[in-house]
Amino acid sequence: MRLDGKRIFISAAAQGIGRASALLCAAEGAEVVATDLNAEALRDLAQENPRITALPLDVLDGAAISAFAASQAPFDGIFNCAGFVHNGAILDCGDEDWDFSFDLNVKSMFRVTRALLPGLLERADATGAASILNMASMASSVKGFPNRFAYGATKAAVIGVTKSIAADYVKRNLRCNALCPGTVDTPSLRGRINSAPDPVQAEKDFVARQPMGRLATVSDIAPTVVYLLSDESRFVTGQAVLVDGGVTI
Ligand code: NAD
């Protein structure tokens, strides 16, 4: 299997892309430590595959991350998936919106990666391969979208963080890439659609920006997560990998 012998950390694994990735990584032979703020949803996940250990973890909580790293590291791969969409243009974005977006979408990756990096290097030295995957988006430095002011800024920062880590550890067998999905049908996307003034039109608008004429499903995205965490991508580092249904053709 593609992830045999690997121990993988995933944040925000209770639903959406994180959950699908946890299930596929486990199906591909990894021992997965799936974490999320939502402890109840995580319990269901652990029941689906015995290779998944589910542990609550708030990626905004530095002390909890340190304790987690002390008890759970080392990992061969980590997928920093947690993130949040602030909906609005610059005039809709207050200081708190900006700060929260950066805290959850970017600083959490800094905290988690810094805590888990010594273990990743230990595994890279022992096995010749370790991999970090950071969740960005096509809405980032890749492309601008309406009402994604704070979000696009954070996801552009994720790409910068990714390239910096990739450059620092390229000679240590530790790779770092960013994943840039198009619009994916997940519980939070459904929330954004349902909270729009006209949900039917909102869904049509999301679909209309995808040249393939549909939203992505989580199973369109998870195989690329497996690829980037596996040794199949051993010559790929510092990349913002798009899985966007043709938006950026
Ligand atoms: P989602 O938004 O539906 O679920 C997010 C999960 O994150 C939830 O389980 C929630 O409990 C968890 N979470 C929230 N705050 C947390 C915290 N402080 N600590 C730990 N966990 C926390 O999932 P999704 O839509 O698959 O999004 C996952 C990632 O993918 C995000 O970074 C998002 O920006 C990115 N992304 C999503 C899309 C999309 O269209 N859905 C597109 C591109 C990128």
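In each ligand, atom 1 is the first atom listed, and ligand 1 is the first ligand listed.
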Closest approach of any protein heavy atom to atom 18 (N) of ligand 1, naming residue and atom: Asp58 OD1, 2.9 Å
Residues Thr113 and Asn80: side-chain donor-acceptor under 3.5 angstrom: yes
Min N/O separation Ile17 to ligand 1 under 3.5 Å: yes
Heavy atom of Val85, distance to ligand 1 below 4.0 Å: no
Min heavy-atom dist Ala136 to ligand 1 below 4.0 Å: yes
Residue from Lys6, Arg123, Arg7 passing salt bridge (Lys or Arg N to Asp or Glu O under 4.0 Å) with Asp76: Arg123
Check: Val161 and Phe110 side chains under 4.5 Å, non-hydrogen atoms: no
Nearest protein heavy atom with distance in Å, relative to atom 2 (O) of ligand 1: Ser188 OG, 2.7 Å
Under-4.0 Å heavy-atom contact with ligand 1, by part of Met138 that carries it: neither
Exercise check, heavy-atom protein proximity under 4.0 Å to atom 27 (O) of ligand 1: no
Ligand 1-proximal atoms of Leu57, by part, heavy-atom distance under 4.0 Å: backbone
Considering all heavy atoms, the nearest Asn177-Gly238 contact: OD1-N, 3.2 Å
Identity and distance of the protein heavy atom lying nearest atom 3 (O) of ligand 1: Gln15 NE2, 2.7 Å
Residue-ligand contact Ser11/ligand 1, heavy atom below 4.0 Å: no
Protein contact of atom 40 (O) of ligand 1 - nearest heavy atom, named by residue and atom, plus distance: Val184 N, 2.7 Å
Protein heavy-atom partner closest to atom 22 (C) of ligand 1 - residue, atom, separation in Å: Leu37 CB, 3.8 Å
Mutual orientation of the aromatic rings belonging to Phe84 and Phe100 [parallel < 30°, tilted 30-60°, perpendicular > 60°]: perpendicular
Non-hydrogen atom of Ser108 closer than 4.0 Å to ligand 1: no
